[in-house]
Amino acid sequence: MNQDLLSELAAIVSPSQVLTGEDAAGYAIDWRKLFPGKPLCVVRPGSTEEVAAVVRACVKHGAGIVPQSGNTGLAGGAVPDSSGAQVVLSLSRMNRIRAIDPVGMTLCAEAGVILQTAKEAAAEKGRFLPISLAAEGSAMLGGVIATNAGGINVLRYGMTRALVLGLEVVLPNGEVLDLQRSLRKDNAGYDLKQLFIGAEGTLGIVTAATLRLVPQQRNTLTALMAVESPQAALALLARAQTELGDNISAFELISGISLGLVEQHFGLKSPLQGGNWFVLMEAASTLPGLRDVAEEMLGAALEAGEAVDGVIAESGAQAASLWALREHITEAEGRAGKGAKHDISVPLIEIPAFLAAAEEALAPTPGLILNVFGHLGDGNLHYNVVMPKTADSEAINRLVHDVVARFGGSISAEHGIGQYRVGELARLRAPNELALAQALKGLIDPEGIMNPGKVLARRGGP
Ligand SMILES: Cc1cc2nc3c(=O)[nH]c(=O)nc-3n(C[C@H](O)[C@H](O)[C@H](O)COP(=O)(O)OP(=O)(O)OC[C@H]3O[C@@H](n4cnc5c(N)ncnc54)[C@H](O)[C@@H]3O)c2cc1C
């Protein structure tokens, strides 16, 4: 055990903020409980200066650093390996909202602020932070930025990357890089902050950020529609885009199997029973009149056969209960048994053909349950497979990803690579793209101490 490093870390953050043994256990395993690790310790700095000092101590002792925020990531990126030598750097104590500017529509906060807390603080000023995901009660801004999180509002507002105006980062040499500008327009040189967004902690530690806010939408319509096929869901999307434009803030596809899992494991019942496919959509506007237009649009869709049944929420509580069905799918799947997650995207128009081809590729493997749901409006599906304990999940990953590649898609639309998909990224990415990524990593983190073995295969280092 690296006793000298432990003593130095305790001197930086105080002994009570260096956790070892049982106290560190909750930080050592990921949300899905797939990647148990063993850290040297968990260190919880309370300021940017302390993060920088921790990094310098780890460099001096050659210890790998694993940044961790809410630990809700689905790719095993925030947990250490089993060597007992890596330091988990938890951002959870860096939880101050530094400023909210309702006129400039920005929020500046530290990396350990829980996403929901940031959203509530923005809402108090009549503003909306448009990053919405089922884990928002635990995920923290640092992790959201480091994974370039998506969620249900990407269709209208873009990925997290599109919402980050400024960033404060501690580099792998312990220097603080201050990119905390809150400008909407800034073309002065390379946009360096983009390097750290979505890098999953492999290039540096995000300690604070300035995020773009939008006006709080006063009028919202939430509807659950039954559709006969993914093709029909795309026709409904096209109609909604024509009639509602960018007032559509979410357009989710949910399979009947997914709703069945939610009912089985959480007792939550859909108001629409039977059927193979459903769309959960939301439209929102600051202006009145949205509801009439949306209701007319959905009526026309029913007449045209693009939807076969539907329910429109009449109150906030009803809207919340429709969203609860969607938000419990991931946890219901976890309770259903062993699973292989595929967080894929393909060009929208290819979704029906992709679904048919993936089902065909998996047909020879017995006992699989296809739990398919996701952000249809973004071409992003969670093509998840619940399987018997004896099934070879890696073989299933490869089968699905090969189909994704055939359709020109991505093997990670929003959850990231972490350690879960390192092998698949290396298998499917062009060699020159991987080589450039490795060269960048080598330039910024020459000792290889930042989140070793995540995103890219390890090349030396701790
Ligand atoms: C029920 C459920 C639903 C989800 N739904 C969605 C969804 O719709 N869309 C979506 O995109 N994701 C979703 N996720 C995945 C996850 O919530 C997001 O990836 C989230 O952004 C992770 O935030 P976190 O704070 O938990 O990060 P963590 O899990 O702590 O970390 C994630 C990665 O970021 C790195 N990291 C963490 N903090 C920092 C930092 N300060 N600096 C540098 N690197 C850092 C870690 O090392 C790790 O590689 C879901 C997860 C669950 C459990």
Side-chain angles (χ1 to χ4, degrees), residues 26-27 29-33 35 37 42 45 48 51 55 64-80 86-95 109-116 118 131-154 159-161 167-172 195-209 250 252 323 326-335 341 343 345 373-375 378 380-382 384 412-422 445 450-455:
Y27 300 77
I29 187 158
D30 62 303
W31 188 87
R32 295 171 66 197
K33 311 260 179 285
F35 302 101
V42 175
T48 304
V51 173
V55 170
I65 301 170
V66 182
Q68 186 178 103
S69 288
N71 198 14
T72 67
L74 295 174
V79 289
Q86 295 186 333
V87 172
V88 172
L89 192 155
S90 165
L91 280 301
S92 57
R93 283 180 63 231
M94 292 197 55
N95 56 8
E110 293 179 348
V113 171
I114 290 176
L115 175 56
Q116 190 174 310
I131 307 172
S132 302
L133 34 104
E136 66 189 40
S138 313
M140 297 170 186
L141 296 181
V144 167
I145 291 166
T147 55
N148 184 28
I152 59 169
N153 294 144
V154 171
M159 302 283 281
T160 296
R161 187 184 295 288
L167 217 55
E168 180 186 271
V169 181
V170 173
L171 294 171
L195 272 177
F196 302 93
I197 304 169
E200 301 181 50
T202 59
L203 298 179
I205 299 166
V206 174
T207 47
E252 301 283 300
W323 276 110
R326 166 67 181 84
E327 283 161 5
H328 281 80
I329 299 174
T330 303
E331 281 187 83
E333 179 190 303
R335 293 184 186 187
K341 284 194 186 296
D343 166 39
S345 58
F373 62 100
H375 316 297
D378 313 317
N380 172 199
L381 291 180
H382 301 309
N384 295 349
S412 175
E414 58 175 12
H415 293 164
I417 299 299
Q419 53 183 304
Y420 185 51
R421 300 188 177 90
V422 174
D445 180 20
M450 283 308 309
N451 219 356
K454 313 291 169 45
V455 184

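For ligands, and for the atoms within them, numbers begin at 1 and follow the listed sequence. The chain is numbered in sequence order, starting from 1. Note: hydrogens, waters and symmetry copies are ignored here, and every other heavy atom, side chains too, is used. Everything quoted here is computed from the prediction, not taken from an experiment.
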Close approach of G204 to ligand 1, heavy atoms, under 4.0 angstrom: yes

So is G418 touching ligand 1 or not, going by heavy atoms under 4.0 Å? no

If you count the atoms of ligand 1 from 1 in the order shown, which ones are under 4.0 Å from a heavy atom of H415? 6 (C), 10 (C), 12 (N), 13 (C)

Note the single closest protein heavy atom to atom 17 (O) of ligand 1, along with its residue, its atom name and the distance in Å. T72 OG1, 2.7 Å

Counting only heavy atoms, which portion of E331 has something under 4.0 Å from ligand 1: side chain, backbone, both, or neither? neither

Report, in ascending order of atom number, the atoms of ligand 1 lying under 4.0 Å from any heavy atom of T147. 19 (O), 20 (C), 21 (O), 32 (C), 33 (C), 34 (O)

For ligand 1, does L91 get within less than 4.0 Å through its side chain, its backbone, both, or neither, judged by non-hydrogen atoms? side chain

Identify, by atom number and element, the atoms of ligand 1 in contact range of N71, meaning under 4.0 Å from any of its heavy atoms. 24 (P), 26 (O), 28 (P), 29 (O), 30 (O)

Can you tell me if V66 contacts ligand 1 (heavy atom of the residue under 4.0 Å from the ligand)? no

Ligand 1-proximal atoms of H375, by part, heavy-atom distance under 4.0 Å: side chain

For G201, counting its heavy atoms only, list the atoms of ligand 1 lying under 4.0 Å from any of them. 43 (C), 44 (N)

Which ligand 1 atoms are under 4.0 Å away from a heavy-atom of L133? 5 (N), 6 (C), 7 (C), 8 (O), 9 (N), 10 (C), 17 (O)

Tell me, which protein residue and heavy-atom name are nearest atom 7 (C) of ligand 1, and how many Å apart are they? E414 OE2, 3.4 Å

Answer yes or no: does an N/O atom from G73 fall short of 3.5 Å to an N/O atom of ligand 1? yes

Using a 4.0 Å heavy-atom cut-off, which part of N451 comes near ligand 1: side chain, backbone, both, or neither? side chain

Could you go through the salt bridge (Lys or Arg N to Asp or Glu O under 4.0 Å) check for E252 and R326 one step at a time? CA-CA 8 Å; E252 301 283 300; R326 166 67 181 84; 2.7 Å; yes

